[in-house]
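Here the structure comes first, spelled out in structure tokens, and everything after it is commentary.
What you are looking at is a predicted structure, and each value in this text was computed from that prediction instead of being measured. Proteins get letters first, then strands, A, B, ... in listed order; numbering begins at 1 in each.
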Amino acid sequence: MNFSKEIIHWYLQNKRDLPWRKTKDPYRIWLSEIMLQQTRVAQGLPYYEKFTAAFPTVYDLAKAEESQVLKLWQGLGYYSRARNLHYTAKDIVENYNGKFPSTYKELLQLKGVGDYTASAIASICFDEVAPVVDGNVYRVLARYFDIDTPINSTEGIKKFKELAFEVIAEDDPANFNQAIMEFGAVQCKPQNPYCIVCPLNNSCEGLKNQRVGMLPVKLKKTKIKHRWFNYLVVIAKETETLLEERTGKGIWQGLYQFPLLETKKAITDIHSHQEEIKALVQLRNFSITPYNTEAKIHKLSHQHLHTTFWIVETTENLKNGILLQEIRKYPVPILIGNFIEEFNF
DNA sequence: AAGACGGGGGT
DNA sequence: ACCCCAGTCTT
């Protein structure tokens, strides 16, 4: 049996029972693929259930408020996916008569749909011979063919895509694509792959050359930036607080947070920042005390946020205050969400 | 070509 | 501490 037949054979016997494998509805496949970008199945699964319940069709998603979409997305990360998801739902309804396009080339035009996702939808929903190349596929191909070209180099991206075209089962691209990804996730996994029981272990070049553990090769890591966030948790008359929306570039676009004072390093004397704080919270008189004395480090893949929450109490009226009892309606970063649950106002 | 973009899980 | 995850977009 050749590579593609063996992979599909393995898949049909070992595939997990996942909700998006029970449908060919392009809306649901699209939704699942966007959610699973850089995200494990276990983490994305509950979100898929929430979204399909709240938005059974693309029309339901299109007519939702963006903040509602972000609220449901809260905790999943990479929030541009949620904003693009909403944008594309409206795009499909307005410009495609509510029907997803059926080819790789057309799907690629949609915002938030790149090479991988266009291939996934085209193959799974429309049986187009469009190979997917995700992290799993890079790993399986690099090991099986013993290729050490870095998977995130321009040359590597091109080479592995060509290789995927060569090995794809042209008579069953839908199953082959899902099979090779599942195989990478479950069998040929990053650490401690099950080579001993692998159905391909007598033809795997990487295994033969004892190079499975070094493959795939990937170019350098991103350098981590350190930032110091001071959140001003205003409590006015024990019933109201202040939230601001993050706009512009950078992390957490469209999400809400307490008024933020970002500093170059940890604050040693809060009173030296009195004027900045006054301007941020728009108050004349208030008391301020740290909630956590040791900064909490919130780790993102590319930034470490040294975070301190400051409790700002006042008896004045707030300019644009929100009711504390409604604070959970706003989409917030998990860092803020955890604080809200822990502080419990 | 290189960065930016989240959060969680595994070793 | 480091790597990876059903990647895409921007610079």
Side-chain angles (χ1 to χ4, degrees), chain A residues 11 15-16 18-21 29-48 70 73-85 87-88 107-121 123-124 131-140 150-158 160-161 164 174 176-186 188-193 213-225 227 246 248-255 297-305 331-338:
Chain A
Y11 176 65
K15 66 176 178 176
R16 291 169 288 182
L18 298 170
W20 47 85
R21 289 190 174 148
I29 298 300
W30 165 71
L31 180 60
S32 72
E33 294 299 345
I34 301 295
M35 283 183 166
L36 292 173
Q37 288 168 6
Q38 294 292 286
T39 305
R40 288 167 192 278
V41 165
Q43 188 185 3
L45 190 49
Y47 287 84
Y48 178 83
L70 284 169
W73 198 273
Q74 181 177 314
L76 197 53
Y78 284 157
Y79 296 93
S80 65
R81 291 184 296 171
R83 298 191 302 272
N84 289 339
L85 184 82
Y87 177 96
T88 293
L107 287 161
L108 206 48
Q109 305 305 312
L110 303 174
K111 193 170 287 189
V113 175
D115 184 86
Y116 163 78
T117 305
S119 302
I121 299 172
S123 60
I124 294 170
V132 294
V133 185
D134 74 333
N136 294 306
V137 177
Y138 279 122
R139 185 170 54 256
V140 171
I151 59 173
N152 54 343
S153 64
T154 303
E155 184 192 353
I157 292 167
K158 183 162 172 280
F160 283 100
K161 182 77 176 181
F176 174 80
N177 277 342
Q178 295 180 83
I180 190 171
M181 290 191 283
E182 186 81 341
F183 184 77
V186 175
C188 193
K189 56 199 176 75
Q191 257 78 43
N192 311 109
M214 340 174 15
L215 296 170
V217 174
K218 201 171 179 178
L219 258 30
K220 58 178 163 244
K221 42 224 136 213
T222 56
K223 208 177 93 198
I224 290 175
K225 182 190 297 179
R227 304 173 74 180
R246 288 187 68 96
K249 310 275 88 173
I251 56 173
W252 301 331
Q253 268 179 62
L255 303 195
I297 303 179
H298 184 72
K299 295 178 178 178
L300 308 181
S301 48
H302 49 295
Q303 301 182 24
H304 283 4
L305 308 177
V332 297
I334 210 68
L335 170 64
I336 302 293
N338 287 344

* **Over 12 non-hydrogen atoms of neighbours within 6.0 angstrom of NZ in Lys158(A)** => no
* To do: Measure the distance from CD1 on Ile251(A) to C1' on dG3(B) and round it to the nearest whole Å.
  => 15 Å
* May I have the distance from Asn338(A) (atom CG) to dG6(B) (atom C1'), rounded to whole angstrom? => 13 Å
* Asked: For nucleotides 2-11 of chain C, read 5' to 3', which letter fits each nucleotide if B means a protein heavy atom sits under 4.0 Å from the base, S means only the sugar-phosphate is that close, and - means neither?
  -> -SBBBBSS--
* To do: Classify the angle between the aromatic ring planes of Trp252(A) and His298(A) as parallel (below 30°), tilted (30 to 60°) or perpendicular (above 60°).
  => tilted
* Structure fact -> For Arg21(A) and Arg16(A), the nearest pair of non-hydrogen atoms, with its separation, is NH1-O, 3.0 Å
* Asked: OP1, OP2 of dA2(B) versus side-chain N and O of Lys220(A): anything below 4.0 Å?
  -> yes
* Identify whether any heavy atom of Leu76(A) sits under 4.0 Å from a base atom; if not, whether one sits that close to sugar-phosphate; answer base, sugar-phosphate or nothing. => base
* Asked: If you find the nucleotide of DNA chain B closest to Gly75(A) and the one closest to Asn192(A), which residue's nucleotide is nearer the 5' end?
  -> Gly75(A)
* Which whole-number value in Å describes the distance from Gln74(A) CD to dG6(B) C1'? -> 12 Å
* Whole-Å distance separating the CG atom of Leu335(A) from the P atom of dG8(B) -> 11 Å
* **Least distance between heavy atoms, Phe160(A) atom then Val133(A) atom** => O-CG2, 4.2 Å
* Asked: Can you check whether Trp73(A) has a side-chain N or O nearer than 4.0 Å to OP1 or OP2 of dG7(B)?
  -> no
* To do: Find which nucleotide of DNA chain B each of Glu155(A) and Lys223(A) is nearest to by heavy atoms, and output the residue with the more 5' nucleotide.
  => Glu155(A)
* Asked: Under 3.5 Å, is there a donor-acceptor pair linking the side chains of Gln37(A) and Tyr116(A)?
  -> no
* Over how many whole Å does the gap from Arg83(A) atom CZ to dA4(B) atom C1' extend? -> 12 Å
* Structure fact -> Here the distance between atom C1' of dG6(B) and atom CD1 of Ile336(A), to the nearest Å, is 14 Å
* Structure fact -> In short, Arg139(A) meets Ala185(A) closest at the heavy-atom pair NH2-N, 4.1 Å
* Which dot-bracket notation, 5' to 3', represents the base pairing of DNA chain B when pairs are defined as Watson-Crick or G-U with both distances under 3.5 Å, crossing pairs as [ ], and inter-strand pairs as |? -> |||||.|||||
* Between atom CG in Leu70(A) and atom C1' in dC5(B), what is the gap in whole Å? -> 14 Å
* If you look at every strand shown and take non-hydrogen atoms under 4.0 Å, does Gln253(A) touch a base, only sugar-phosphate, or nothing? -> nothing
* What closest approach, in Å, do Lys161(A) and Ser119(A) show between heavy atoms, and which atom pair accounts for it? -> NZ-OG, 3.5 Å
* What is the distance from CG of Leu305(A) to P of dC5(B), rounded to the nearest Å? -> 10 Å
* Out of curiosity, Ile124(A) CD1 to Asn177(A) CG, how far, rounded to the nearest 0.5 Å? -> 7.0 Å
* To do: With C1' as the reference atom in both, quote the distance from dC3(C) to dG6(B) in angstrom, rounded to an integer.
  => 15 Å
* Do you know the tightest heavy-atom contact between Ser153(A) and Leu219(A)? -> CB-CD2, 4.1 Å
* To do: May I ask you to verify if any side-chain N or O of His302(A) is less than 4.0 angstrom from the OP1 or OP2 atom of dC5(B)?
  => yes
* Give the minimum heavy-atom separation between Ile151(A) and Pro216(A), together with the two atoms involved. => CG2-CB, 3.6 Å
* Same-atom distance (C1') from dA6(C) to dG3(B), integer angstrom -> 22 Å
* Please work out if Lys189(A) contacts a base, only the sugar-phosphate, or nothing of the nucleic acid, heavy-atom cut-off 4.0 Å. => nothing
